[in-house]
2 protein chains.
Amino acid sequence: MSQMLQIHDQLREMILSLDLGPGERLTERWLESRFEGSRTPIRAALVRLEGEELVRRDGRNWIVAPIDLGELEALAEFRIPLETTAVRLACARASAADIAGVEEMLDACQSGAPREEWHRVGTDFHVEIARLSGNPFIVKAIAGAMTRLSRARWLEVWTEPSREQAWREHRRILGFIKANDPDSAAREAAAHITETRDRLLHSLNEDRRGLRARGFAVIGLR
Amino acid sequence: MSQMLQIHDQLREMILSLDLGPGERLTERWLESRFEGSRTPIRAALVRLEGEELVRRDGRNWIVAPIDLGELEALAEFRIPLETTAVRLACARASAADIAGVEEMLDACQSGAPREEWHRVGTDFHVEIARLSGNPFIVKAIAGAMTRLSRARWLEVWTEPSREQAWREHRRILGFIKANDPDSAAREAAAHITETRDRLLHSLNEDRRGLRARGFAVIGLR
DNA sequence: AATCCCATTTTGGGATACCAGGATTGTGCC
DNA sequence: GGCACAATCCTGGTATCCCAAAATGGGATT
């Protein structure tokens, strides 16, 4: 594997895990020493991450992409038509084995699982459902949306009951796909997205001060 | 403007205009002499274009992204939920001035206009409609989809009557938005996407041989 | 104490040097 | 003529240089 891809993946992980704060400045020279590579592969990784909008230019500088919590509504608005379409297509196209695969993934995440596990499964579920649609464009769009959502979901928002609730909703959606009931699956998917967004916004509103301190842009958050 | 962005834009244009054939190999050294810059900015441009999927790795080499005509169905499937959502949101949110702007764009493209003009307006219309939705994620997704579609649309497919037909359909969609009739607008938008896809597929089926010669992947085209 | 100014440092953008690996070509043997 | 093999060339990957511009910092001036 090329050095550039290694650096890309590591940096990506550091950003998504909030190891690097949103808005934080990245200098090529610092990354150079941090990853023990020359600037060439680092620059390639940065350009690539810029394409994923995980890193951005600020004048001549590189910064970790800030999080704009105002995007949360637009993101839900974007996901609803796509994910409802995805579950409908999944009903028509997914094999029993494909569905069982997703089911296993959900089962693997029990109550005692670590926070990171819930976070990952909560993201992957939506991507895997999109994959059941058989449409690669839907998959990529959903994957991108979940990436953008990823960091916001780290906030202490995901309390135990909140996780359980999301897990139940995922189960319901998958159940309707399994039962080949596209209308119900679509309805549940839309409701899940809306409710998740509301849970997130509600929790965030209780902690604006703390958010700002962590580099989150609260502007536009109603 | 940085040299990298210039090279990026020029190369992008050459690819989208089919000046560089789909599947054609690109060597960094050839680009170096072609654009009179060193490999550093060229490399950055390539990495960026790779993110837009206009360029791709083939083993260790760079190639212009081939066109997979089998994607046409998936692309329509992807666009329909997004664009119907977009026109509905446009009905609710777009100002009269915004709508007038799009109308002007359509008007500017008369019968006698050059081929390139029709091509550009046909693409931009959909992006501009998406913009009226006010949702940046929808805009980006549609813009990306239209980019992927862009090269296929250059094929001799767009005969005079075909262009006129598309133009009329665009007009109808915009008319319904203007009349604030979201259901009709959504219905027309979906129909337009389906019909455009069918027109394209129909024309392509008549000329498979010619397509292969031009580097189009006919695999998966029914 | 605040502010202006200039020397110094640091930064990213670009050019170039070097390398390893893969393709290609040429060659000599059968 | 055909095939095995070696020398060669060319490629992208990486490291390093150089440069101009922007940031920095500290001291003189008010």
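So that the names make sense, note that chain A is the first sequence line, chain B the second, and so on, each numbered from 1.
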Kindly say whether [Y] contributes a backbone atom to a donor-acceptor pair with the side chain of [X] at under 3.5 angstrom?
X        : Y        : result
B:Trp154 : B:Leu16  : yes
B:Trp167 : B:Gln110 : no
A:Thr147 : A:Ala143 : yes

Can you sort out the partners of A:Thr196 under side-chain contact (heavy atoms from CB on, under 4.5 Å), two or more places apart, ordered by chain and number? A:Trp158, A:Glu169, A:His192, A:Arg199
Output all residues satisfying side-chain contact (heavy atoms from CB on, under 4.5 Å) with B:Glu50, sequence neighbours left out; order by chain, then residue number. A:Arg48, B:Val55, B:Arg57, B:Trp62
More than 12 heavy atoms of other residues, nucleotides or ligands under 6.0 Å from CD of B:Glu36: yes or no? no
CD/A:Glu116: more than 12 non-hydrogen atoms of other groups inside 6.0 Å: yes
Flag for A:Thr123-A:Arg153: side-chain donor and acceptor within less than 3.5 Å: yes
Presence of salt bridge, A:Glu77 and B:Arg93, under 4.0 angstrom: yes
Axial bend angle, the helix from C:dA1-D:dT30 to C:dC30-D:dG1: five-pair end segments, nearest 10°: 10°
For a 4.5 angstrom cut-off between non-hydrogen side-chain atoms, does [X] reach [Y]?
X       : Y        : value
B:His8  : B:Pro41  : no
A:Arg88 : A:Thr85  : no
A:Glu83 : A:Ile142 : yes

Below 4.0 Å from chain B heavy atoms, what is the first contacting nucleotide of DNA chain C and what is the last? C:dG14 to C:dG21
Within residues 46-56 of chain A: residues closer than 4.0 Å to DNA chain D (heavy atoms): none
Going 5' to 3' through nucleotides 9-18 of chain D and flagging B where a protein heavy-atom sits under 4.0 Å of the base, S where only the sugar-phosphate is that close, and - otherwise, we get --BBBBBBB-
